[in-house]
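In this text the structure is predicted, and so the values were computed from the model without any measurement.
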Amino acid sequence: MSSFNEQPNLQPGQEPENAAAPAAGESVTPPAGPEVEKNLAAEPEILPKKAPTESAAPAEGEASTEGEALAENEASAEKETSTENETPAEGDANEPELQGSTIFTKSEPAEKPKKTINGKKRRRNIILILIAAAIVLGAGVFAAVKFLPNLNSEKEETTTPSIKIKEVTATDLRKITVKTKNKTLVFHGSLTESSSSAASSGEAEKTVAWSLEGYDPALIADSSINAVADSCSALYATRKMTDLSLDYGLNDPAVTVEVTLQNAAENYTISFGSLSPDGSGYYTKVSGVEGVYLVAAGTVEKVNTTPEKLANTVIVTAPSKDDAKSSESKYFGEDDTKLTGFDTITLSGSYYPNPITLTATSNKMAKYQITVGSKVRYANEENASAMLGILADGLVAIDTYKLAPTKADITTYGLNAPDAVVTLKYAENSVTVRARLYDKEKNYYAVTVDGRNAVYAVTAEALSMLDKREADLYNQYAFLEYLKDFSNIKINAGGKDYSFDIAYDEKEEKMTVTSNGAAVDDSLLSAYYQYLVTLSPTENNESCAATAAYTAQLKPRDGSKAFVIKLYKQSERRYMLEINGEKYGVISSSIYESLTNYVQYVMEGKGIPDAA
C-alpha cells in the first residue's frame, strides 16, 4: 500500500495509469511537469485587450453545440427584454444624431462604442465561471483519490497487530514488574505440571499460575492477570517507525515493564512512551530489539493496569446442589440445583433499626417466621425468600472501588455505618454482606463481603431485596396452622363453652370430629376454622377491655405448647387480637360476630358462609 509520501513516478506529459478519461466537455488540468513549472516561472505574456463579445461564431462547417444554441436563445430573449425595458433619453427619440455624421463629411471611422453588460449576462458569466471552477476542482479531487493513499486502509493497517516485536514461550515467564511514576505492580508466576491432558504423549502439560504481590489470589480474576502475562510474552506492533530522530516519549517512558524469564540471560525490558496523535497506540521500545514500534493502545492498557481492574467481580458465589454435602441437600429444591432454604437470615443497619431475624420453620402454611425483639410473627414468604437471593443467585459487582481498603477507605464509602448488614446461614455456611448506597446518581451500593478484603460497586437492582423494610417482611395473617395438626379446640364465645376433639388418619387423609362424644360435621368445623386462619389485624396500640370477649385454645397433636387466641373489645367497631399473650392489632367487629355466632352453627349442623 502506498504511504502518504509516495508520489507516482510520471514523466512530463505522461498520463497516470488507469486514469479515467474526462467526461465530454470536461477540462482536466494535466499534472505539472518541468516544462509547466518553467513556463510558470517565466514572465507572464501580455495579451492585447479585446472588447467583450457576446458569442463566438462557429467555424465554417462546424455544427453549433446545444450550449451555443441555448446561449443564442438567451441572448435573443435578453435583447427583447432590454428593448422593452430601456427608456430613450429626452430628445433622443426618433431623432438621429447629425453631428459628426459621415453622411456629410469624410472623417476617420468613429471608435466602436463599448457595449454594456447587463445584469442577466453578468449572472450568466458568473455561472459559467463557477461551472469551470467546479470542473477544475473535480479533476483535483479525482487526482487526489487516484494517487493519494487510502486513509481508511491505512487506519486499518495501523490498528491490526501484524509486526512481531518479541515473542517467548509463556511458560518461561517467572516475574513481571510494571513500573509507572505512581505505582509498581509485581506479578509472580508459578510453574505447574500436569500429565492429565497429555498422558498419551508421556509429556506433562506446563502451565503458569500468576499472582499479584500483596493481594489475596482469591480477589484477582485469572483472566485479567493472565492477559498481562500474555501481552508481555507475545508483543506485536501495528507499525514500525522510520523517523528515529524523534523522542517518542521513550527517554522518560510512561510505563516500564521488566520481564524475568527462567533463563535470566534472556530477560528483557519493555518501554512504553507517548500516545500516538490519533490515540491508536503507544510508541514502544524493547531491549535487544532494534527500532521503535507502535503498539495498540488496548495491549498497553492490559499491562498498565491497577489492582482494582484485575479484581474478580464475582463476590458471592451461588452454591450448587452438585457441590453440597449430604447434610446440605435439604436446602436445595427438588427439581433444580438452586438454594431454596436457609436456617436464619439476620438484618440490621439503618434500613433495619430494629434488628430482624428470619427463621425457617417446618410449618408448610408459613415457611418462615420473623422475630423483632420479643415479637414473633409469621413472615411474608415471598419477601423473606428474596433476602435469600443474595446467596442463592450469587452477587456480581459492576466494578471494584478499592482492594485492600484502609479504615479511612471504609469510612469514605460509608461502610462504617452501613444501610444494611445481611447475614445468611445454612448448614455450616455463612455469608455476611454490608451495603451502603454510595453513588446515588448511578444508584450504586458500596459493598463489602466478609472474607474479601475489598470494597465493590453493586447496582441497586442486584440488591433490590434491600428495598424491603420490616413492615414488608410480616405476613398479613396472624395465625397460620393446619387444623389437622390439633387434637382439641376449646372455644368460649357469647358466654358459652364449646369443645371439639379431632382425630386424623394420615394414611387415609381423613379427619373425624366429635363434641362431648357426639359426631360433628368436619366440613363445618373446617369452614369455621377459616375465620381463625384469615385474621388480618391492623396495627393499633389503643387501650381495650380487660376481659376477653372471645377465647379459642388450640392444643397441638405433637404435645407442644397450645395456641391461645383472644379478642378484647376496644370500641363498637374494633376488637384487639391477642395471640399467646401478645397483642397483634385490631380486627373489625364483624369478624368477632362471625366467630361468636358461627360456632353455634357448627354444633347445630348449619351451613357457614365462606370466610372473606
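Under 4.0 Å is where a charged nitrogen must lie from a carboxylate oxygen, and between Glu582 and Arg377 at least one such pair does. Contact check on Lys338 versus Asp393 returns a salt bridge, with a Lys/Arg side-chain nitrogen under 4.0 Å from an Asp/Glu carboxylate oxygen.
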Which pairs of donor and acceptor atoms, one on a side chain in residues 382-392, lie under 3.5 Å apart (sequence neighbours left out)?
unit_1: Asn383; atom_1: ND2; unit_2: Asp472; atom_2: O; d: 2.7
unit_1: Ser385; atom_1: OG; unit_2: Glu381; atom_2: O; d: 2.8

Counting only pairs under 3.5 Å, give me each side-chain donor-acceptor contact of residues 303-310, with atom names and distances, residues two or more places apart or in other chains.
unit_1: Asn304; atom_1: OD1; unit_2: Lys183; atom_2: NZ; d: 3.1
unit_1: Thr306; atom_1: OG1; unit_2: Lys309; atom_2: N; d: 3.2
unit_1: Glu308; atom_1: OE2; unit_2: Leu403; atom_2: N; d: 3.0

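Residues forming a salt bridge (Lys or Arg N to Asp or Glu O under 4.0 Å) with Glu578 (at least two apart in sequence, or on another chain): Lys583.
For Lys330, the NZ atom sits in a loose shell: 12 or fewer heavy atoms of surrounding residues, nucleotides or ligands are nearer than 6.0 Å. Shown here is Asn516, whose CG atom has no more than 12 heavy atoms of other residues, nucleotides or ligands within 6.0 Å. Under a cut-off of 6.0 angstrom, the local environment of CD in Glu428 is sparse, with at most 12 non-hydrogen atoms contributed by other residues, nucleotides or ligands. Heavy-atom contacts from other residues, nucleotides or ligands closer than 6.0 Å to CG of Leu191 number more than 12. Residue Lys181 qualifies as enclosed at atom NZ: its count of foreign heavy atoms under 6.0 Å is above 12.
The side chain to side chain contact (heavy atoms under 4.5 Å, CB included) test with Tyr401 is passed by exactly one of Asp409, Asp439, Thr448, Val447: Asp439. For the ring pair (Phe, Tyr, Trp, His ring centres under 6.0 Å) criterion with Tyr598, the lone passing option out of Tyr531, Tyr592, Tyr550, Tyr528 is Tyr531.
A cation-pi arrangement is present between Lys484 and Tyr504, with the terminal nitrogen or guanidinium carbon under 6.0 Å from the aromatic centre and inside a 45° cone about the axis.
For the pair Ile220/Trp210, no side-chain contact is recorded, criterion being any heavy-atom separation below 4.5 Å from C-beta on.
Remark: side-chain polar atoms of Asn363 are paired, donor with acceptor, to backbone N or O of Leu480 under 3.5 angstrom. For the pair Ser571 (side chain) and Arg573 (backbone), a donor-acceptor distance under 3.5 Å is present.
For Tyr426 and Tyr331, the ring centers are positioned less than 6.0 Å apart. Between Phe486 and Phe500, the ring centre distance reaches or exceeds 6.0 Å.
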Output, in order, the C-alpha distance, side-chain angles, deciding distance and verdict of side chain to side chain contact (heavy atoms under 4.5 Å, CB included) for Arg452 and Asn312. CA-CA 11 Å; Arg452 300 182 70 87; Asn312 183 355; 4.2 Å; yes

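Ring geometry for Phe479 against Phe563 counts as perpendicular: the plane angle is over 60°, on a 0 to 90° scale with 30° as the lower cut.
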